[in-house]
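Let me begin by presenting the structure, written as structure tokens, before commenting on it.
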Amino acid sequence: MLWQLHNGAKSMGRVQSATLHIVCERERQIQAFVPQDYWSVFVDYAEGFRAYYQGSTETEAEPAQSDDAAEKTIEPSLESTKVLTQAEADRLVAQAQQHPHRVLSVEGKTATRTPPPAFITSSLQQVAGAKLRFSPEKTMQVAQSLYEAGLITYMRTDSVALSPEFCQAARQWLEAHDPDNLPPRATQHRSSKSAQEAHEAIRPTDIHRPSKQLRVELSADEFALYVLIWKRSIATQCRAARIRQTRILTQSGAVCWQAKGQVIEFAGYSKYWNNLSADVELPTLQQGQAVTLEQAAHEQKVTQPPPRYSEPKLVQVMERQGIGRPSTYAPTIQTLKQRSYVELVKATLQPTTLGLEVDRFLQDALPDLLESKFTAQMESALDAIAQGQQDWQRYLTQWNADYFVPALDRARRVIPQHLTTTSAPQPNRTLETSRTRCPQCKEFLAKVPSKKVKKKYFLKCVSGCADVVLFWSERSHQWEVPRSKAAICDIQPSPAQPTSYACPVCQQPLEEYRYEKDGQPKSLLRCSNTKTRNEHKHKDVVYFQTAKGWWSPKLGELTP
């Protein structure tokens with residue numbers, strides 16, 4: 001059916017369809033998003049803390065969090081209740097300046113954070129993506145090499161269970177190296193209902209292997225991933241972390257202000273696996289105490305659209321919605337990229353025009369296929385078949401008659417409509433509006449698609465301003481007017497000059513290369529041996545001129 005569209009689409013699987021739909025739905029939410037200005041209003045006190053606007057006594061301030069809500073939040077909220085007009089923000093600042101401030105209430109309590117479960121395939125891919133910048137595919141490749149070397153257990157698993165032998169070894173290690181962190185009994189974690197639990201969680205095979213030896217034996221990527229697995233595994237066997245949370249509510253006139261803080265009283269598992277925010281300590285105050293205002297101010301902000309998914313985040317969504325299996329997360333995303341349905345733009349997944357067209361067609365032709373519930377229910381049915389709880393022939397026969405045959409008939413009737421839509425010229429296609437305003441008329445600029453620029457589009461004013469075009473600058477991370485070709489052509493690098501410094505790899509003289517970048521003169525040193533300096537060992541031999549001398553990101557300072 002996809003081939004009949006003649007748009008370059010190759011094929012689409014059941015799990016791929018649901019995954020692509022998640023990415024495309026997020027993209028449509030971003031395109032439909034309308035930014036809104038708002039103001040964050042706050043006060044700074046001489047006692048050494050900042051409080052944010054939290055409402056007024058007429059509307060009642062936000063109640064204190066319940067214990068259950070507090071358990072879900074690790075980082076204290078440092079944000080004010082949104083104010084939607086500058087006039088209202090100015091009024092609140094004026095009230096804060098006119099009225100004395102006093103402490104309305106002080107609340108404090110101690111909360112605990114239990115250790116996280118050991119790694120399963122999906123959580124390993126997510127954490128390796130966040131901490132090591134690995135794609136799911138690379139994470140599995142590196143984990144495979146660690147498994148083949150006998151250093152970790154099998155890396156395709158959905159069970160958080162750990163063997164009794166490992167738990168005993170981890171407790172022995174803690175008893176010898178960190179006895180205060182040894183709990184009377186380790187925290188027990190439950191696997192998800194859909195977990196097959198054919199293998200235990202991902203963990204080191206020998207927790208006592210010395211890191212000095214492994215650092216020499218393994219590549220940098222392998223060692224980094226091994227350390228991640230080791231720390232997570234030992235953290236699961238530690239005591240819970242203990243946190244003291246504080247909430248101060250102040251009042252000026254009818255306006256209430258709130259400050260939240262937390263201090264880690266006992267690190268516990270976070271000594272090895274820190275997923276807690278930094279301490280935000282508040283002063284010791286009493287209810288009814290007067291506090292001294294230093295300043296009252298507001299900050300204008302703009303609401304942001306929902307972010308695009310990174311590869312690790314998409315794996316998390318797939319797991320939560322029951323799409324795919326541990327062995328299919330990385331291959332599914334990789335296939336979507338290979339077939340040009342999605343592309344990686346600044347570490348996030350963005351659907352291509354082809355991907356959006358395929359998703360629109362499937363929405364009309366096979367809508368059930370895109371629903372995560374449909375895919376999750378089929379996964380459950382396959383599990384029941386695998387466990388001998390359901391006859392596979394009866395299930396497939398009924399599924400084919402009740403769903404598949406009618407769905408295919410409907411899909412074939414939809415194809416001609418999409419042939420007309422995709423083949424017809426679209427000269428007047430509505431351009432997506434950006435959140436950047438025109439420097440002349442202050443209207444929002446339009447996004448003009450272009451394959452010639454890295455961001456895949458540039459901005460243009462469509463409100464009547466002539467020749468207002470902006471391009472994204474990777475240097476300044478903002479939209480800029482394009483530089484003239486004449487200015488670019490004026491920048492001519494000077495010939496390289498030999499120096500008295502020796503190359504640390506081949507001992508040949510280093511040469512100084514002078515050039516101009518962004519209007520500033522620059523210099524760097526590189527090996528003068530043009531035949532070998534592009535080889536693997538020479539690629540790191542680049543020194544940049546700094547105020548303290550020559551410096552290399554890989555080799556450090558250069559000494560004569």
| field | Shortest non-hydrogen separation from E557 to W551 and the atoms involved | value | N-CD1, 4.0 Å

| said: Looking at F404, I'd like to know if its CZ atom is crowded, meaning that more than 12 non-hydrogen atoms belonging to other residues, nucleotides or ligands lie closer than 6.0 Å. | reply: no

| query | Strictly by modelled atom types, are S473 and Q478 linked by a side-chain donor-acceptor pair under 3.5 Å? | reply | no

| Partner residues of R133 under the salt bridge (charged side-chain N to carboxylate O under 4.0 Å, His left out) criterion, sequence neighbours left out | none

| request: For the pair W550 and Y501, name the ring-plane relationship: parallel under 30°, tilted 30 to 60°, perpendicular over 60°. | output: perpendicular

| message | Taking side-chain contact (heavy atoms from CB on, under 4.5 Å) as the criterion, tell me which of S123, P326, S122 meets it with E319. | response | S122

| query | Are any of the side-chain heavy atoms of Q262 and S277 separated by less than 4.5 Å? | reply | yes

| remark: Residues L2 and S11: closest non-hydrogen pair is CD1-C, 3.7 Å

| message | Run the side chain to side chain contact (heavy atoms under 4.5 Å, CB included) test against S552 and tell me which residues pass, sequence neighbours left out. | response | Y543, K554, L555

| task | Quick one: list whatever passes side chain to side chain contact (heavy atoms under 4.5 Å, CB included) with P312, sequence neighbours left out. | result | Q126, S310

| query | Quick check: are there more than 12 heavy atoms from other residues, nucleotides or ligands sitting under 6.0 Å from NZ of K231? | reply | no

| query | By salt bridge (charged side-chain N to carboxylate O under 4.0 Å, His left out), which residues pair with R435, not counting sequence neighbours? | reply | none

| Ion pair check, K138 and D221, cut-off under 4.0 Å | yes

| said: Using ring centroids (six-membered ring only for Trp), state whether Y457 and F471 fall under 6.0 Å. | reply: no

| field | Contacts of Q295 that satisfy side chain to side chain contact (heavy atoms under 4.5 Å, CB included) - sequence neighbours left out | value | F42, D44, R50, A297

| Side-chain contact, heavy-atom cut-off 4.5 Å: L218 with L146? | yes

| remark: In short, A128 meets L225 closest at the heavy-atom pair CB-CD1, 4.0 Å

| query | Are side-chain heavy atoms of L349 and L344 found at a separation under 4.5 Å? | reply | yes

| said: side chain to side chain donor-acceptor pair (under 3.5 Å) for S145 and E222? Distances and angles first, verdict last. | reply: CA-CA 8 Å; S145 63; E222 290 170 341; 3.0 Å; yes

| Qualifying salt bridge (charged side-chain N to carboxylate O under 4.0 Å, His left out) pairs with a residue from residues 15-32, counting only residues at least two apart or across chains | E25-R28, E27-R308, R28-D359

| message | Run the salt bridge (charged side-chain N to carboxylate O under 4.0 Å, His left out) test against E88 and tell me which residues pass, sequence neighbours left out. | response | R91

| For R410, does the CZ atom have more than 12 heavy-atom neighbours from other residues, nucleotides or ligands under 6.0 Å away? | yes

| remark: Between V468 and C438, the two heavy atoms sitting closest are CG1-SG, 3.8 Å

| Is there a side-chain contact between E357 and R360, using heavy atoms and a 4.5 Å cut-off? | yes

| query | Do the side chains of D158 and T121 get nearer than 4.5 Å, heavy atoms only? | reply | no

| said: Strictly by salt bridge (charged side-chain N to carboxylate O under 4.0 Å, His left out), give each pair with a member in residues 32-43 just once, sequence neighbours left out. | reply: none

| field | By salt bridge (charged side-chain N to carboxylate O under 4.0 Å, His left out) - contacts of K460 (at least two apart) | value | none

| For Q16, what residues pass the side chain to side chain contact (heavy atoms under 4.5 Å, CB included) criterion, not counting sequence neighbours? | M12, T332, T335, L336, R339

| Check: E511 and Q497 side chains under 4.5 Å, non-hydrogen atoms | no

| task | Determine, stepwise, if the pair W273 / F119 fulfils ring pair (Phe, Tyr, Trp, His ring centres under 6.0 Å). | result | CA-CA 12 Å; W273 191 263; F119 278 135; 5.6 Å; yes

| task | Can you tell me which residue pairs pass the ring-ring contact (aromatic ring centres under 6.0 Å, His included) test with a partner in residues 338-371, sequence neighbours excluded? | result | F361-H418

| query | Is it true that E443 and R437 have a side-chain N and a carboxylate O under 4.0 angstrom from each other? | reply | no

| field | Residue pair V541 / R526, side-chain heavy-atom distance below 4.5 Å | value | no

| task | Not counting sequence neighbours, which residues clear side chain to side chain donor-acceptor pair (under 3.5 Å) with D279? List them please. | result | none

| Of all heavy-atom pairs between L370 and S17, which one has the smallest distance, and what is that distance? | CD2-O, 3.5 Å

| query | Are R514 and E512 ion-paired here, with the side-chain N under 4.0 Å from a carboxylate O? | reply | yes

| said: How close do K131 and L228 get, counting heavy atoms only, and between which atoms? | reply: CD-CD1, 3.7 Å

| query | Strictly by modelled atom types, are T303 and Q36 linked by a side-chain donor-acceptor pair under 3.5 Å? | reply | no

| field | Side chain to side chain, Y403 and D368, heavy atoms closer than 4.5 Å | value | yes

